[in-house]
Protein chains: 6
Amino acid sequence: MRHDGRRSDEMRAISMERAVSRHAEGSCLVKFGDTHVLCTASLEERVPPWLRGGGEGWVTAEYGMLPRATKERMRREASAGKQSGRTQEIQRLIGRSLRAVVDRAALGERQISVDCDVIQADGGTRTAAITGAWVALSDCMTYMMSAGMITANPLTDHVAAISCGIVDGAPVLDLDYIEDSSAHTDANFVMTGSGGIVEVQGTAEGAPFSRDELTALLDLASGGISRLVDLQKLTVA
Amino acid sequence: MRHDGRRSDEMRAISMERAVSRHAEGSCLVKFGDTHVLCTASLEERVPPWLRGGGEGWVTAEYGMLPRATKERMRREASAGKQSGRTQEIQRLIGRSLRAVVDRAALGERQISVDCDVIQADGGTRTAAITGAWVALSDCMTYMMSAGMITANPLTDHVAAISCGIVDGAPVLDLDYIEDSSAHTDANFVMTGSGGIVEVQGTAEGAPFSRDELTALLDLASGGISRLVDLQKLTVA
Amino acid sequence: MRHDGRRSDEMRAISMERAVSRHAEGSCLVKFGDTHVLCTASLEERVPPWLRGGGEGWVTAEYGMLPRATKERMRREASAGKQSGRTQEIQRLIGRSLRAVVDRAALGERQISVDCDVIQADGGTRTAAITGAWVALSDCMTYMMSAGMITANPLTDHVAAISCGIVDGAPVLDLDYIEDSSAHTDANFVMTGSGGIVEVQGTAEGAPFSRDELTALLDLASGGISRLVDLQKLTVA
Amino acid sequence: MRHDGRRSDEMRAISMERAVSRHAEGSCLVKFGDTHVLCTASLEERVPPWLRGGGEGWVTAEYGMLPRATKERMRREASAGKQSGRTQEIQRLIGRSLRAVVDRAALGERQISVDCDVIQADGGTRTAAITGAWVALSDCMTYMMSAGMITANPLTDHVAAISCGIVDGAPVLDLDYIEDSSAHTDANFVMTGSGGIVEVQGTAEGAPFSRDELTALLDLASGGISRLVDLQKLTVA
Amino acid sequence: MRHDGRRSDEMRAISMERAVSRHAEGSCLVKFGDTHVLCTASLEERVPPWLRGGGEGWVTAEYGMLPRATKERMRREASAGKQSGRTQEIQRLIGRSLRAVVDRAALGERQISVDCDVIQADGGTRTAAITGAWVALSDCMTYMMSAGMITANPLTDHVAAISCGIVDGAPVLDLDYIEDSSAHTDANFVMTGSGGIVEVQGTAEGAPFSRDELTALLDLASGGISRLVDLQKLTVA
Amino acid sequence: MRHDGRRSDEMRAISMERAVSRHAEGSCLVKFGDTHVLCTASLEERVPPWLRGGGEGWVTAEYGMLPRATKERMRREASAGKQSGRTQEIQRLIGRSLRAVVDRAALGERQISVDCDVIQADGGTRTAAITGAWVALSDCMTYMMSAGMITANPLTDHVAAISCGIVDGAPVLDLDYIEDSSAHTDANFVMTGSGGIVEVQGTAEGAPFSRDELTALLDLASGGISRLVDLQKLTVA
């Protein structure tokens, strides 16, 4: 039994609310329990210098946390003058995950920037961000099609993410902050709607983990991501 | 008649929602029409170096905007590596405004940091921020009293703020983005619940303005701030 | 009676010396008592990116203090690696004030940068800077006309500034450092030669101030600025 | 057949040379083919602030590349004024990997900083860095024991790392730059001498990968890391 | 004949004005022709961390140029966010030069910071700065003795500096900007009142120079510095 | 007798190894005893903005030290976010020294960046860097001629550098770290193959030095540089 009563393969209450921003071409407020992330997709008619003239587009992501999203207030990165290594690592992961399901030629020479800002944190912010970012991105694609900018949807599949870990010796799905702090192994999985793996990141926090444990975590993640993709489908339907 | 049908002395729909953050000692999501600002108050048991040992506390504020809070996406300040002059100017204003109604000796040697993050912008972000920050600060004070950390409330009064301007030759209250962009004069007023002026900032955007115009704007602001203070009272009641 | 014997509506000894820089297209060493600011106007045949091709020019300002302009040595901003919020706030104010009296179309697609560097500080550095910057700017305009670059003077009026405050309960004009440190209310006014208000900034340092007090400060400022404009006229005659 | 004639499970020529620095308490020049990384371990009698007084030590790592370690010269990070997201991600990975095999209580309140500087790059710099860093760290531990600073070796196991990927549809071990550039899936594994997994990072560069592919890569990695650990043993013997 | 009519061994008009700052413990406005540098000495009752508790003091220097000190406006270093390599090189030179004539034990555990700010530049700013900095430092020492902080003057000698160069094939003393721009060899000498060499820096701008040329420049510099030291003596007398 | 048994005019064991980088157009690992510097020359088909369209090329240099090149680990400059004044001073010196022997018109509109990275330090890193940088630059020129990019070698002469100093009252050549730390005078000389002086930098660390002492150091340096040039000739033969 987990500290909040969930089964080992049970995710927290998940919700995805679309069109939460008046200005953005696509947006989603995603909640994994008490973890709340606001995702906005911003369309720009330009691409980074290294892509100019090649006819392909780009999708990138930025990640941030409000200073008091966490239990203890953290220093504002804009005030500190730089983004932490953790922030950069996460926003690179979100960008890679989204690009894995985008046909960049179909997008044309445009850039979509997806901002994922954590309003409240309780573990799993990066996986919530990826999952909600897909919804924001999907709405941006729909916007572009409605506006006649593109004729085919550049999205080739869904993408969603979930964390797993070994807590008190048992593999569990979708760790909250308390579980995350005590997990012996912590892993994040990014998978597509068709079940392909886009990214797997497993880290031993104390003792190393075994292949069997990795397999158990992968099983949990597959089930969770399948349900997240179902929710994405309902959300954008 | 204003572009959205308001009378010259009419504010946009105002709302203040308390306790929107699971972690902060006080919080408020304030809305002035489509301008939405999340304010959190964070209590720390330390003061800046220059106050140590003096027995007095400190209240400070930080301000930020999500990159796509605006019509065009703006560069993330954490990524740019510094806060703009505008950001610093606004957060200094918020801090001064709050300190005007705090008895720092009654607070004791503690610091309260109020973060004002603009989730969506449509003009008047700094005035909404000040008005909501007071609610977050008030709840933080209540928290401290409940916890027995202080016996008397260090808040000496309410403080709220509103913008005014001269648009198409007429003085109007609470400018939205469209009005702000075309105003010939733009002014921000910060006043207390008892009607004292804490801060007045008036700027001619084109031709200079006259003393009579300044007086007209001050009249509008007094009325608006009086209603904002009434709303604050209802909110924290 | 003020600590230095001045009447409440009396400014310190004011002087403006033109052509103090061998290189700049316009320059002025302005003194408000012991506050000395060197202002230079630099002409460049280019405008910021957002104005290119529009036929209009730009006037901007930068502000700095020598490290030992003040009683205690301050850290050099170039060494600290960034400009303080105060510095940015002041240089934005100077730029806005100057642009209020410039016909940017008549200037043509050129930029004038006015540098205001405080050689010695004793209160009122921003108001001295604005007042002296106008003289430097005026000389730069004269230089451009002499050189046949423009045919009409883009300056539409004078602009000058003065501080006021409530010290020991009484409104006084042109605060020095000692008065500034003890003032209960501190205000800066920027006005044109024809008496229009360009900027008003009033701040309560302790208790809020009343509308009557604001009016008294505005009266003082109007008188002071009128005399500063007379001095500007004598200086550039 | 791979482009350089290697079998799919064949690593490049590996070498580890100890004691290559006159000053460092431990050092290793590790080569994975044309990838050369200089690792130095520096002992300091202090720990980061958050560990002070707790009796435990810390092991951290920094990573850098000489500007012309690569085919095209890259901008020097010291000149750019910041470390890239990639650099920070790698040095965090190296630090975590090393700490997984260190008994921080046995180390005592000291910090060991391992610098991994890439002298020449041809793919796999982070895996070479981890593998060589262990040797430098091991020598530093031996130095401390010889000096009587500690009585038991705080190293609990070996740790080494290798990259794998799917190139032209086939899983291969230890990618060089050419393979890395064309791989459809790229994965890095960090494992201990006893075969436990410390870190797994798999990324789909194009199409997602399957669980079977992940298993194949893990098989390859296990074999490779086992041989790297044998080499470490020979090196420090 | 030089372009401004000077003999080869003739310096520009030199002046040193003391006590030009109301706040600094010592100050000097030094002019070498059209090169004007304001030097202020600031006394602080603390030393850098590495000297604490050793009983010795420190003398350091900072150098800056106002943006329009030069023919073309230069970007303000505070705005650029860092000091250029040239600025750092010069301020390190000034600091070393001053420390060469200071008995740091006699100074006691205090720091004197000498700020050298170039108000107007026409070549030779670093040599003017060193020469004027000595006067500011000397007045600061006198101030400390008057205040009873020290009993013996920590200054052991004078120090002054001058530039020389080979212009149109001939060695000349005290180059102005025009000469500096066309010199084939440019050298700066720092010497004491008793004729000892503190620093020599010679640079070939085009073809290398010979030992005989270096000797000729050294002869010129010795004569010039001797006269600068005489002027320093008259100034502080 | 010197602490390591060398005669006063004896350099440490010198070696220069070419072609040590797989990627660079020219490279040299230069050793002056225990001081080891890796120099790489990188060719780019572009010049800095101020040279564009003029038909001339540019040679520049960057300098860095690995954090544990020294006895005590130094903070990594990329992590500190800026290059120290010392680093900038040295890389400017290396660049000037190399440009003194390059015909920039013969080079054509191209830039060669020479990176000098100190792998291990024991005094004299800047002089070793200049000496080795010439070899890397020479190989880069040879590469360009082989590739038919240029027909004449833009190198007009050799350039090499050596340090001298007055240690225990006696002038000695090529100081190591121990001597450098105790030298009363420290000087660096850069000279060409034909004996011309490119740069001389002499600094009194304690008492000033005399003209005779400067002459003695120059004599030592001339002999040492002559031998370094002979070694360069053997190396690139």
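Just so we're on the same page: letters track the sequence lines, and every chain starts at 1.
- With a 4.5 Å cut-off on side-chain heavy atoms, A/Gln88 and D/Ser84 do not count as touching.
- Chain A forms the most heavy-atom pairs under 4.5 Å with one residue out of D/Gly202, D/Ala207, D/Ser97, and that residue is D/Gly202.
- Scanning all heavy atoms of the two residues, the minimum distance from D/Phe209 to A/Val200 falls at CZ-CG1, 4.0 Å.
- With chain A as partner, the option from D/Ser222, D/Gly196, D/Ser210 having the largest number of non-hydrogen pairs under 4.5 angstrom is D/Gly196.
- Within the 4.5 Å cutoff, the side chain of D/Ile197 has no heavy atoms near those of the A/Pro208 side chain.
- Counting non-hydrogen atoms of other residues, nucleotides and ligands closer than 6.0 Å to CG of D/Asp168 gives a total of 12 or fewer.
- Using a 4.5 Å cut-off between heavy atoms, D/Thr203 touches chain A through backbone and side chain atoms alike.
- Rounding to the nearest 0.5 Å gives a distance of 4.5 Å between CD of A/Glu89 and CZ of D/Arg92.
- Atom CG of D/Asp103 sits in a crowded spot, with more than 12 heavy atoms from other residues, nucleotides or ligands closer than 6.0 Å.
- For D/Arg99, no part sits under 4.5 Å from any heavy atom of chain A, backbone or side chain.
- Proximity to chain A is absent for every atom of D/Asp212, based on heavy atoms less than 4.5 angstrom apart.
- Side-chain contact between A/Arg96 and D/Glu205: absent, with no pair of heavy atoms (C-beta onward) separated by less than 4.5 Å.
- Neither the backbone nor the side chain of A/Leu93 comes within contact range of chain D; no heavy atoms are under 4.5 Å apart.
- Both the backbone and the side chain of D/Thr215 come within less than 4.5 Å of a heavy atom of chain A.
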